[in-house]
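Everything on this sheet refers to the single structure shown next.
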Amino acid sequence: MITDARVLQPEFVPGDVKHRGAEVSHLSDTLRPITIGNRAETSFLYGPSGTGKTCIAQYTVEQLREQVVDIDSQYVNCWEDYTRFKTLYRILDSIGKTIDIHRQSTPRDELLERLREQVTSPYVVILDEVDQLEDPSLLYDLYRIRELTMILIANREEDVFGRLDERLNSRLSSCARIRFGQYEFSEIVTILEDRIQWGLRKDAITQAGIEQIADQAAGDARKAIGILRNAAKTAKYDGEDKITSTVITRAVPEAKSELQRKTVEKLTNHQQVLYEIIKEDDEIEPSVLYDRYCEQVADDKSKRMMRNYLSKLEHYNLIESEGKTKGRIYRLAAP
DNA sequence: GATCCACAGGAATCCTCGGGGT
DNA sequence: ACCCCGAGGATTCCTGTGGATC
């Protein structure tokens, strides 16, 4: 039933994008100076998740690469590479200038130096989830590299610009801000149809099934594709040759927990223990939580460290907390 | 209302790891 | 072989806050 599993993956960038013509042309207009060898103005793409920001950024840069031969680009997810060092390392990685930097003890900002030296032709850097960057001043340093063009991506404008200092704010005030709104129901339907065309056998799903998924996705294309992927997997596992309505109904919560499971797997042992303890109870207070945590691990860390772990879990939307000081409780994040 | 307590989260400091320079 | 350096984790110290108790 599945003919090409790649097109159902969340990171897949289609060769042709749907419903984002205006955004694509706005972005490629902004990037146009690159085609004549100049650096382009910074672009800022923002909007809710699953509205195509990452996809459109990668797609547009890819289009550009087809027009201009001598252009490098790199995608960085600042959620994963959130420190200054990691981000710089990732950026240098794509131009293969990190071969001899395997140590952590590279003198401070040697990476930046190297980037300055090496970037001599147009270079586009996509910084996804840029609001997660620990040290926003990195943006200023990147901005000052002549040939480097930045595409910034975040959910909300204020999460990014609220944290920048004056000088960077004023320099980025002229950047191209491109807003991404939620998809319409019918748009989600055509996006799904497109993926189905490339990834599934024609008769694998009915029109009603597609609409059922689109309805559940509520304007979020990533969610829609996640449901489709899970439904297809479930159907295949059950030996069915069609994605039925029941399968879709089952796939909806599965698609949600899939994301959560992947996040949990990325946590450290200690963080996972905390997560499991919180999972057991509806609500738990910090002191009880800490006691249980100490019981369950051999090398228990300090209370302060537990708080760091907890804020990380909260940051990942795995748990939530209520109450500011005394009487605070932790619980699993609402689904 | 003064005092105590539990807690959050920032800042300074310590510790460890891995690799370079000598 | 030795020391040194920087990053990042962990700990210690600290300040601020709000509920509980007298």
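Not measured: the values here are computed from a predicted model. Just so you know, these numbers use all the heavy atoms, side chains as well, and skip hydrogens, waters and symmetry mates. Quick note on labels: first sequence line is chain A, next is B, and so on, each numbered from 1.
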Between A:Asp238 and A:Arg250, does any side-chain N to carboxylate O distance fall below 4.0 Å?
yes
For residues A:Gln260 and A:Asn317, report the shortest heavy-atom separation together with the two atoms involved.
NE2-O, 4.5 Å
Separation of C:dA10 atom C1' from A:Asn269 atom CG, nearest Å, is 16 Å
Who pairs with A:Tyr75 by side-chain hydrogen bond (donor to acceptor under 3.5 Å, both in side chains), at least two apart in sequence or on another chain?
A:Asp128
Between atom NZ in A:Lys312 and atom C1' in C:dG8, what is the gap in whole Å?
11 Å
I'd like to compare against my own output: the B/S/- annotation of nucleotides 6-15 of chain B with a strict under-4.0 Å heavy-atom distance to protein.
SSBBB-----
Note: A:Phe44 and A:Arg156 closest approach over all heavy atoms is CZ-O, 4.3 Å
Here the distance between atom P of C:dA10 and atom CG of A:Asp300, to the nearest Å, is 12 Å
Which residues satisfy the ring-ring contact (aromatic ring centres under 6.0 Å, His included) test with A:Tyr275, sequence neighbours excluded?
none
note: A:Lys301, atom NZ; C:dG8, atom C1'; distance rounded to Å ~ 13 Å
Once you apply a heavy-atom cut-off of 4.0 Å, does A:Tyr309 come out as touching a base, just sugar-phosphate, or nothing?
sugar-phosphate
Evaluate the side-chain proximity of A:Thr60 to A:Glu23: yes if any heavy-atom separation is below 4.5 Å, no if none is.
no
